[in-house]
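Only one structure is covered here, and it is reproduced in the block below.
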Amino acid sequence: MRVRAVELLTLRMPLVTPFTTSFSTQTERFPLLVRVLAETDGREVDGWGECVALTDLVYSSEYLDSAREVLRRYLVPAVFAAQAREAVTADGFAESVRHILGHRMAKAALEMALLDAELRLAGVSFGERLGATTASVPSGVSVGIHDSIDALLGSVGDYLDQGYVRIKLKIRPGWDVEPVRAVRDRFGDIPLQVDANTAYTLADAEHLRLLDAYDLLLIEQPLGEDDIREHALLARRMRTPMCLDESIVSTDAARDAIERGAAAIINIKAGRVGGYLAAVRIHDLAREAGVPVWCGGMLETGLGRAANTALAGLPGFTLPGDISASARFFAQDITEPFVLQDGRIRIPAGPGLGVEPLPDALEEFSQHALTLEAEHPPRPRAARERDAGPS
Ligand code: SMG
Ligand code: MG
């Protein structure tokens, strides 16, 4: 496959309701899309990727502008340079950008677009390529911090009515035990878990232990991104299974966390670990170690949502993921919307992601666009043959 051009499209999409976590309130999403114009044997396709970086430096050290700049200045040129030597493949991408340090979310977005292009050309779906063994995945929903317990109970009730099979409550100091107790009291024995997004320290261990009374599926990332050792210590002091999100940035980090007893469960986000291919490797190693995994979410549009459903279809994804219907976040998605059916979301079956951006929606939400063209298109075959001299 050859990449003729890459477009970096920044969208601006309103959220249906503000989404508050321990670190911020999001009221809109600025997805960065990567569109790869690829060709092979005279056939052309568009491959689509979505970068999960948030607009500000709150969840990770990558953010929207850094990802766009790294793609523009380093990653896309690296692909153009590499294809002067050999055909571009999604499998070879990570190696071809290994000399560019960090910036996994930016890398993941470009790799996703290359993978999509390659699979569309081959007529193979994301699910088949990644190894999904189901046609649909159970859908969990992440519920933000609310202004009051009553408002929270209203939201949770609505989500349960819609059929979501698992509720995740965002927590932070001052909004933890009380909302968990209220949700348990009102809704009983539902699958329930919490996510602190690094808001605590080991000094909070005694307080966090109070959550043990509520039979949670897991507690997600209570401590800092670098605190593998501290998570292991906290895990020993709590009955609630420890799940890591922010800390798991690579296969090495996952292995380390598992071996040190810091992660009984792992939230896998392809963007955070450098791409869907790395995400599959983490799934494999966790499965080998008997550690359940589930698919995290980053308020993706239908593009990222499609890829996430495919990933979550792998057999080690034994817990419901943060893969909700499009309508959880967006009144209008940029693809055909993902909908909840009996608490599940279908994995698209068509080639590549199996979904495409709707041109009208792209236009409506478009905020910024940049096109990068491959600099040295190969000469037509006839010219090359002439250059080679008479045979
Ligand atoms: O896409 O359903 C979703 C969001 C799930 O809570 C979610 N994501 O830490 O897991 C997490 C957060 C990160 C994004 S918060 C703005
Ligand atoms: Mg999380």
Side-chain angles (χ1 to χ4, degrees), residues 8 10-33 50-71 101-109 140-147 152 155 168-176 179 193-202 204 208 219-228 230-231 243-250 253 257 266-275 295-301 304-305 308 321-324 328-330 365 367-368:
L8 305 177
T10 310
L11 310 182
R12 177 176 189 169
M13 300 169 70
L15 299 184
V16 289
T17 54
F19 182 51
T20 299
T21 64
S22 65
F23 58 74
S24 75
T25 296
Q26 309 280 315
T27 56
E28 29 181 22
R29 182 72 170 116
F30 290 77
L32 171 60
L33 305 186
E50 176 170 350
C51 184
V52 301
L54 299 180
T55 318
D56 293 308
L57 283 164
V58 283
Y59 169 84
S60 61
S61 61
E62 285 185 86
Y63 66 110
L64 175 64
D65 290 348
S66 76
R68 194 171 40 215
E69 175 65 358
V70 169
L71 281 157
L101 300 183
H103 300 281
R104 293 182 172 94
M105 292 178 177
K107 288 177 178 174
V141 63
S142 175
V143 185
I145 292 166
H146 280 54
D147 290 338
L152 174 72
S155 292
K168 158 167 139 180
L169 300 182
K170 290 290 191 179
I171 59 169
R172 70 174 169 213
W175 181 267
D176 43 33
Q193 63 193 53
V194 293
D195 184 2
N197 287 109
T198 76
Y200 297 87
T201 71
L202 207 46
D204 299 308
L208 290 170
I219 178 170
E220 181 179 346
Q221 196 75 38
L223 312 179
E225 176 175 327
D226 296 329
D227 297 347
I228 301 282
E230 288 80 357
H231 275 107
C243 171
L244 294 185
D245 171 357
E246 283 89 334
S247 296
I248 306 299
V249 294
S250 64
I266 292 177
N267 164 335
I268 299 185
K269 289 177 181 163
R272 202 191 56 226
V273 303
C295 183
M298 290 296 286
L299 299 83
E300 286 90 348
T301 72
R305 216 160 280 276
N308 284 347
D322 282 342
I323 306 181
S324 46
R328 156 70 183 91
F329 290 113
F330 306 113
F365 296 123
Q367 208 203 24
H368 180 268

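Taking 4.0 Å as the cut-off between side-chain N and carboxylate O, K269 and D322 do not count as a salt-bridged pair.
Inter-residue side-chain proximity for V52 and R272 is flagged as unmet; no heavy-atom pair is nearer than 4.5 Å. The closest side-chain heavy-atom distance from F329 to R305 is below 4.5 Å. Between T20 and W175 there is no side-chain heavy-atom pair separated by less than 4.5 Å. Side-chain contact between L208 and P222: present, with at least one pair of heavy atoms (C-beta onward) separated by less than 4.5 Å. Looking at heavy atoms from C-beta onward, Y200 lies in side-chain contact with D176 at the 4.5 angstrom threshold. Considering only heavy atoms from C-beta on, F30 comes within 4.5 Å of Q367 through its side chain. With a 4.5 Å cut-off on side-chain heavy atoms, T21 and V58 do not count as touching. Residues D56 and Y63 have side chains not in contact (no heavy-atom distance under 4.5 Å, counting atoms from C-beta outward).
Smallest separation of non-hydrogen atoms from P18 and T27: CB-CG2, 4.2 Å. Pairing each heavy atom of S22 with each of I145, the nearest pair is N-CD1, 3.8 Å. Looking at every heavy atom in both residues, L8 comes nearest to L71 through CD1-CB, 4.0 Å. Closest non-hydrogen pair, A257 versus L244, comes out as CB-CD1, 3.8 Å. Annotation for A67 and A53: closest pair CB-CB, 4.4 Å, computed over non-hydrogen atoms. Residue P14 comes nearest to F330 through the heavy atom pair O-CD2, 3.8 Å, listed as atom of the first residue, atom of the second, then distance.
One distance of note links CG of L33 with SG of C51; it measures 9.5 Å at 0.5 Å rounding. Here the straight-line distance linking atom CD1 of I248 with atom CD1 of I268 works out to 9.0 Å at 0.5 Å rounding. Distance check, rounded to the nearest 0.5 Å: CG of L57 to OG of S24 gives 11.5 Å. Interatomic distance, R29 CZ to T55 OG1, rounded to the nearest 0.5 Å: 6.5 Å. Taking NZ of K107 as the reference point, atom CG of L101 lies at 7.0 Å (rounded to 0.5 Å). Atom CG of residue L223 and atom CD of residue Q221 lie 7.5 Å apart, to the nearest 0.5 angstrom.
With sequence neighbours left out, the side chain to side chain donor-acceptor pair (under 3.5 Å) criterion links H146 to S155. Residues that satisfy the side chain to side chain donor-acceptor pair (under 3.5 Å) test with S60, not counting sequence neighbours, are absent from this structure.
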_Stepwise salt bridge (charged side-chain N to carboxylate O under 4.0 Å, His left out) test for E62 and R104_ = CA-CA 8 Å; E62 285 185 86; R104 293 182 172 94; over 6 Å; no

*Please step through side chain to side chain contact (heavy atoms under 4.5 Å, CB included) for the pair R172 and N197, ending with a clear verdict.*
CA-CA 8 Å; R172 70 174 169 213; N197 287 109; over 6 Å; no

_Under the criterion side chain to side chain contact (heavy atoms under 4.5 Å, CB included), I'd like the reasoning laid out for L152 against L169: C-alpha separation, chi angles, the key distance, then a yes or no._
CA-CA 9 Å; L152 174 72; L169 300 182; 4.1 Å; yes

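A donor-acceptor pair shorter than 3.5 Å can be found between the side chains of Y59 and D245.
Both cation-pi conditions hold for R328 and F19: the charged atom is under 6.0 angstrom from the six-membered ring centre and inside a 45 degree cone around its axis.
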